[in-house]
K.L.:
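To start, I am sharing the structure in question, which I have written as structure tokens.
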There are 2 protein chains.
Amino acid sequence: MLYEGEAHSSAFILRKGWTSSFKALPSGGQQIVDFQIPGDLPGLRSVLYRAADHSIEAVTLVEAAEIRASDLQNVFSEAPRIATAVLWAASRDEAMVVEHLVNLGRRSAEERMAHFLLELGERLNLVGLSGTTGFDCPLRQYHLADALGLSPVHVNRVLRRLREDGFVTFQKGRVEFHDLARLKGLCKFDTAYLDQKEPLLR
Amino acid sequence: MLYEGEAHSSAFILRKGWTSSFKALPSGGQQIVDFQIPGDLPGLRSVLYRAADHSIEAVTLVEAAEIRASDLQNVFSEAPRIATAVLWAASRDEAMVVEHLVNLGRRSAEERMAHFLLELGERLNLVGLSGTTGFDCPLRQYHLADALGLSPVHVNRVLRRLREDGFVTFQKGRVEFHDLARLKGLCKFDTAYLDQKEPLLR
DNA sequence: CGAACCGTTGAGACTATTCAACACGTGTGG
DNA sequence: CCACACGTGTTGAATAGTCTCAACGGTTCG
């Protein structure tokens, strides 16, 4: 879809489907930076920053609208408030990356998994794609592995433990929360960083 | 200095000294997201995003100029090219966070350390604070631990191994590269993500 | 029917952590 | 001036967490 190193000057608005943004490593592995769900703007950073410093790949079939760099430029000149809104969106992205960073740096495998699933549920909730009990999830265990910095084998074990302990199940494309409160406690989940409100500047 | 949760609507231009941006964890630990060196803009995101989603702390004595949110807003209206430049700076920050994320997710302790020291050297080089053989560094081993997601004890062992293997020394406030090429090979260091050039939009 | 992908499980090896102890330098109060 | 606490760096030993390798079952699809 969109690969590292290409000077690609388009972003997209994702209407349907999921994508992942990741960095490929010389060793052959990859680190997934984030998943995009409907409503997100994959590739936003590549419009502003010279080289796409990471790649984007479709996880499911995708329906997206292109935003060309030149369009963005015009809008910026004519409607500075939109510039602000875009900057806000970029900041929100970065906040999520930061949370992901904390996830990898200072949490155990179980906590990472719990936090990841809760964040995903919360984000899907904001765009109406998740109920309180669970959500449909097209990801594979190896997606989780690349996102959480774990081996696929260990992802499997962690999921098993969370399932056997009655926290959450991840099976056949569906995530079901069985004890949301206890799960949130497990990883000290706090949604503050998702900050759904509008930009500060107006 | 600037703490999480406070709705602080100022950013700073750091003139002299170092700061760190980090997230404190309920468990008592903390994950350092980045260090800021002279020329950086600590707190930029907190201007645009409602709550400061992470904290900033001085590492050394610091000299900084404040940028108020209202000023930024005026500049945005009157000079959209500056809006672009700010967005570019934010994108660069995010690119570094992403690289840090990869560091934590998919590299061993030695690779992390090597990559971290090389990145720091590169950044300091861009602002004239580093030579090719090494640089002055006010960080403690526990700073490295919080940044790299390692225990302080392990940081010490890793530094010892890198020193004994002739890669690099980190002692008494000074980093000395003894075999830059081999060190870059160790962690596959690639500066592309630092992308020193100006914004794409113009 | 076979190939490919995905999920599952076990065993053993390796990495990093925790706990504990000690050395060294610095600043402080008696 | 000495005694002491404190921060920092260093090292060892035991432990916990995660990885790798290997094997196997189920599904889907050609």
Side-chain angles (χ1 to χ4, degrees), chain A residues 18 20 25 27-32 57-61 103-117 136-165 168-176 186-187, chain B residues 18 20 25 27-32 57-61 103-117 136-165 168-176 186-187:
Chain A
W18 294 36
S20 71
L25 299 176
S27 57
Q30 59 181 50
Q31 174 65 48
I32 290 179
E57 204 171 61
V59 171
T60 65
L61 279 180
N103 231 0
L104 295 194
R106 284 295 179 222
R107 286 198 255 254
S108 70
E110 254 116 357
E111 290 168 329
R112 284 184 222 181
M113 182 66 74
H115 194 279
F116 174 82
L117 294 178
D136 293 327
C137 176
L139 304 180
R140 306 284 156 193
Q141 291 188 358
Y142 65 76
H143 283 124
L144 299 183
D146 283 336
L148 300 178
L150 301 170
S151 66
V153 174
H154 201 55
V155 164
N156 185 282
R157 294 191 222 275
V158 168
L159 285 175
R160 169 153 58 127
R161 244 174 295 160
L162 291 178
R163 189 184 337 122
E164 288 173 355
D165 292 351
V168 61
T169 55
F170 180 102
Q171 273 169 337
K172 307 204 181 284
R174 178 89 195 156
V175 173
E176 288 287 348
L186 177 65
C187 62
Chain B
W18 294 35
S20 70
L25 299 176
S27 58
Q30 60 182 51
Q31 173 65 48
I32 291 180
E57 204 170 61
V59 171
T60 66
L61 280 180
N103 232 1
L104 296 194
R106 285 294 179 219
R107 286 197 256 254
S108 71
E110 254 117 358
E111 290 169 330
R112 285 184 222 182
M113 182 66 75
H115 193 278
F116 175 81
L117 294 177
D136 293 327
C137 176
L139 304 180
R140 305 287 154 190
Q141 291 188 358
Y142 65 76
H143 283 124
L144 299 184
D146 282 336
L148 300 179
L150 300 170
S151 67
V153 174
H154 200 55
V155 164
N156 184 283
R157 294 190 221 276
V158 168
L159 286 174
R160 170 156 55 126
R161 245 174 294 160
L162 291 177
R163 190 187 333 124
E164 289 174 354
D165 292 350
V168 61
T169 56
F170 180 103
Q171 271 169 338
K172 305 200 182 292
R174 178 90 193 154
V175 174
E176 289 287 350
L186 177 65
C187 61

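Chain letters run A, B, ... following the sequence lines, proteins first, then strands; residues in each count from 1.
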K.L.:
Going by number, which of residues 103-113 of chain B have a non-hydrogen atom under 4.0 Å from DNA chain D?
P.N.:
none
K.L.:
Could you measure the distance from the CG atom of A/Leu159 to the CG atom of A/Leu117? Nearest 0.5 Å is fine.
P.N.:
7.0 Å
K.L.:
Take the protein atom NZ of B/Lys172 and the nucleotide atom P of D/dG7, then report the distance between them rounded to whole Å.
P.N.:
19 Å
K.L.:
Heavy atoms under 4.0 Å, any strand shown: does A/Gly149 hit a base, just sugar-phosphate, or nothing?
P.N.:
sugar-phosphate
K.L.:
To the nearest Å, how far apart are A/Phe170 CZ and C/dC6 C1'?
P.N.:
12 Å
K.L.:
Let me know the distance between CD of A/Glu164 and P of C/dG7, rounded to the nearest Å.
P.N.:
17 Å
K.L.:
Output the rounded distance in Å from OH (A/Tyr142) to P (C/dA4).
P.N.:
16 Å
K.L.:
Which of residues 150-160 of chain B sit near DNA chain C, with a heavy atom under 4.0 Å from it?
P.N.:
B/Leu150, B/Ser151, B/Val153, B/His154, B/Arg157
K.L.:
Let me know which of B/Val158, B/Asn156, B/Val155 forms a side-chain contact (heavy atoms from CB on, under 4.5 Å) with B/Leu144.
P.N.:
B/Val155
K.L.:
Indicate yes or no: at least one non-hydrogen side-chain atom of A/Asp146 is less than 4.5 angstrom from one of B/Arg106.
P.N.:
yes
K.L.:
Over how many whole Å does the gap from B/Leu144 atom CG to C/dA16 atom P extend?
P.N.:
15 Å
K.L.:
If only side-chain N and O atoms of A/Gln141 are considered, is one of them under 4.0 Å from the OP1 or OP2 phosphate oxygen of C/dT8?
P.N.:
yes
